[in-house]
Every structure is written in structure tokens, then in C-alpha cells.
Amino acid sequence: MKHSKIGSRLAGHETDGNENPTEVRFVRVPSIAERKLGSEYVAPMRLDPRILDQMQATIRSLETKYVETLSAQVSMLKVLVEPACKGDAEAHGRLYAIAHDVRGLAGTFGFAVTGRFADSLCRHLEQGDKSGKYDDTVIRYHVDAICDTLESPGTDSTISTETLDALEKLIAANRESMRAAG
Amino acid sequence: MTEEPTKAAPEFFHRLKVLVVEDSAEMRRLLDALLRSMGIEHVILAQDGEGGLAAFAAERPDIIITDGSMKPMDGYEMTRRIRASDRGADANPDVPILMISGHVDRAFVTHARDQGVTDYLVKPLLADMLYKAIIAATSTPIHFVEKPGYRGPSPRRSLDARLPEPPFR
């Protein structure tokens, strides 16, 4: 592998007051494509629409399985929400884990609104992890909203957006009141 | 997107070895399937940062795709260890590390950059986002810095999260 090293003069831009500029070096190495393909590689590598089509077909092929998983996860959220709100740490942890999973995957499979509610719930729980305080009402509203996106899939997106905005405001108000209370 | 794909791409993906570090079984399955649909045959899977470090040392992948939040070791700590210059053969300054995270806040992106993450993708994961990030990470020359305790992408560079298009965000 060919390495080219540039010494301290440029490296000075990288440092803060605690670093000795002479101890910082810039290094440039060939791209992975150059290393793998050698002279066969002609830069730049372009995006291939056929590959993207294959990837999107793959997502579609996994969709049926994911819908089953999502339904099971949402059913579990309904089971967990009450014990989680009553202080059951294990239920709370599992509820977050499921919401985190839904946040990451629902949008990929076309459940964008479900994913956004899960994202909002995760952020509320993460905020609570920092302060040690959670608003149970906010958690319940989120779980209800997540369930609703699956049980009433034809809901007007405007209503979903308004609900999401209302929940965001509730979270913000909750954060402010906790801050004021110290 | 350009109309004419380079002829080298299919052969390139065939030769690429990718390590996926992800605690969600569903997300691991999705990433594995997406990478294979790109023509990548060598996909190694690990469930957390510890497993990722072990797999990295054993398999020497060309690129790492990791989740941010995992237990017991998260993707940030795994990245920090890979970029730590005192870890000898286990360290690597130039392997691209793509982090996929649910956290969009600037503080998380900055923290990821400071540990040595190459690119930061915000969930939900979309096919074009993953594809573009892999192309960007593998097809351009790699620049890194070496300084006491750290060898990796410059922690001073600007790193913006790749965000899904609305309605996903």
C-alpha cells in the first residue's frame, strides 16, 4: 500500500493548543476500489440504477415478514406500556428496545409515520433517562398513536402530522416544566 | 444519478468484504440482504461492539457498517478502539466505518466523528442512502491523520449526517 505522509506544517491546522504540531501527520492512501481493482478501476465509480433496483426489490421481498414482526412488536408495546409507566424497569427497557427497533426499520418498509412516532417516543425516553423523570401520559399517547397507524392505515397524513406535532409540543412543555422544577 | 454505470462496479462489490455490527436481528437481516443484493458476497455479522472488534481482528473487512447504540459495547466505543493507535494490529486508521443511528442530534454526529466514524447515516435506513454511502466510502482516496493516541479520519473535518428524505424525517 502506498502511503504519502505530509509533515507538520499542514498538520498545524489539525491541532489545538495541547498538541505538538510535529506529532500530527496527514496520510493519504488509495481508495478501496483502486486497491481491489488495480488498473481495472476507472474513477469515478458511478451509481448503477440496476443495483439500486435490486436493493429495493430486496426490501419488498422482506416486507411481508417485517409486517408480521411489526405487528408483534406493537402488540408487545400495548402489553408493556402500563407496567413501564408504573415503574417496572424491565418493562421500561423492553418498551424502549422495541420503540428503538421500530424507529430504525418501520420507515424502510413504508411505515414512515409509525417510524416517526417511534422516533418521538425514543427521544422522550432518552430525555427521561438523562433527567430520571418520565411523563407517563406522553408515553401512553405515543403507544396509542403507534398502534393507530397500524390499525387505521388509511388515516389522513395531515392528522398524523398534527398528532406528532402535538406530541412534540407536549414533550417540549414537559421538558420545560422539569427544568423549572430543577 | 448518472445514466451510465461503471463496468467495474459489479466486480468490485463481488470482491468487497463487509462487517455489519448491529444488535437488532431485524436490522442485521435487512443489511445482510441489502449488501448481498448489491453483489457483496462476503458479509460478516456481529451483534455488538465486542463482537465487532473480534470479527474485525479475525476477518479484516474492507468496510464496517455499525449501529450506534448497542450493549454492552456500543458502536462509538468500538470505533474509538479501532482508531486507537496504541492497539497495534487491532487498530486501523483507514477502514471506512459507516454508522447507522436513530440519533439525528448534532452532538451525536460530532461524537461519532470524534471517535473516527467515516460517515453517519440516520435511520430509517433507505436503499439509496446505503448505496451512496458505500460508493462514497470505497471509491475515493482515503485521508487520515496520525497523532498520539489516534489514527483515523480527521476529527476536525466537517461531517454532516445523511438524512432520509421526507416523509421519513
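Lettering of chains follows the sequences in order, A, B, ..., and the numbering in each one begins at 1. Scope of the values below: all heavy atoms of this structure, side chains included, with no hydrogens, waters or symmetry mates. Here the structure is a predicted model, which means the values were calculated and not measured.
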Are any side-chain N or O atoms of K36(A) and backbone N or O atoms of L16(B), one a donor and one an acceptor, separated by less than 3.5 Å? no
Is it the case that atom NE2 in H111(B) sees more than 12 heavy atoms from other parts of the structure closer than 6.0 Å? yes
One should read off an interatomic distance between L130(B) CG and L52(A) CG, to the nearest 0.5 angstrom, of 10.0 Å
Taking side chain as C-beta onward, heavy atoms only, is R29(B) less than 4.5 Å from K65(A)? yes
Over all heavy atoms of both residues, which pair between S37(B) and Q54(A) is shortest? Give the atoms and the distance, please. O-OE1, 2.6 Å
Can you measure from CG (L30(B)) to OH (Y66(A)) and round to the nearest 0.5 angstrom? 10.0 Å
Got D101(A) and M27(B) here, is their nearest side-chain heavy-atom distance under 4.5 Å? no
Stepwise side-chain contact (heavy atoms from CB on, under 4.5 Å) test for V27(A) and E146(B): CA-CA 7 Å; V27(A) 181; E146(B) 290 183 330; 3.9 Å; yes
Non-hydrogen atoms of chain A under 4.5 Å away: do they reach the side chain of I135(B), the backbone, both or neither? side chain
pair F26(A)-H143(B): side-chain heavy atoms closer than 4.5 Å: no
Kindly check if the number of other-residue, nucleotide or ligand heavy atoms within 6.0 Å of CZ (R94(A)) is above 12? no
For D94(B) and R28(A), what are the C-alpha separation, side-chain angles and deciding distance, and is it a side-chain contact (heavy atoms from CB on, under 4.5 Å)? CA-CA 9 Å; D94(B) 60 17; R28(A) 177 189 184 279; over 6 Å; no
Under 4.5 Å between any side-chain heavy atoms of K132(B) and L47(A), yes or no? yes
Close side-chain approach of R25(A) and V145(B), heavy atoms under 4.5 Å: no
Which bit of T58(A) is near chain B, if near means a heavy-atom gap under 4.5 Å: side chain, backbone, both or neither? side chain
Please find the pair of heavy atoms, one from D48(A) and one from Y131(B), that lie closest to each other, and give the distance. N-OH, 2.7 Å
Rounded to the nearest 0.5 Å, what separation is found between the CD atom of E126(A) and the CZ atom of F108(B)? 6.0 Å
If you measure from OG on S24(B) to NE2 on H100(A), what distance do you get to the nearest 0.5 Å? 7.5 Å
Check M55(A) against L34(B) and note the closest heavy-atom contact, atom names and distance. O-CD2, 3.4 Å
Would you mind reporting whether P96(B) and I32(A) have side-chain heavy atoms less than 4.5 Å apart? yes
With a 4.5 angstrom heavy-atom cut-off, could you sort out which part of D67(B) is near chain A: side chain, backbone, both or neither? side chain
Nearest non-hydrogen partners of K123(B) and G104(A), listed with the distance: CD-CA, 3.4 Å
With distance as the sole test, does T108(A) use its side chain to make a donor-acceptor pair with the main-chain N or O of L126(B) at under 3.5 Å? no
Just checking Y141(A): does its OH atom have more than 12 heavy atoms from other residues, nucleotides or ligands closer to it than 6.0 angstrom? no
Nearest-0.5 Å distance, NE2 of residue H103(B) to CZ of residue R103(A): 5.0 Å
Tell me, for T140(B) versus chain A, whether the close heavy atoms (under 4.5 Å) come from the side chain, the backbone, both or neither. backbone
The reported gap from CZ in R46(A) to OG in S139(B) (rounded to nearest 0.5 angstrom) is 11.5 Å
Would you say that E23(A) contacts K147(B) through its side chain, given a criterion of any heavy-atom pair below 4.5 Å between the two side chains? no
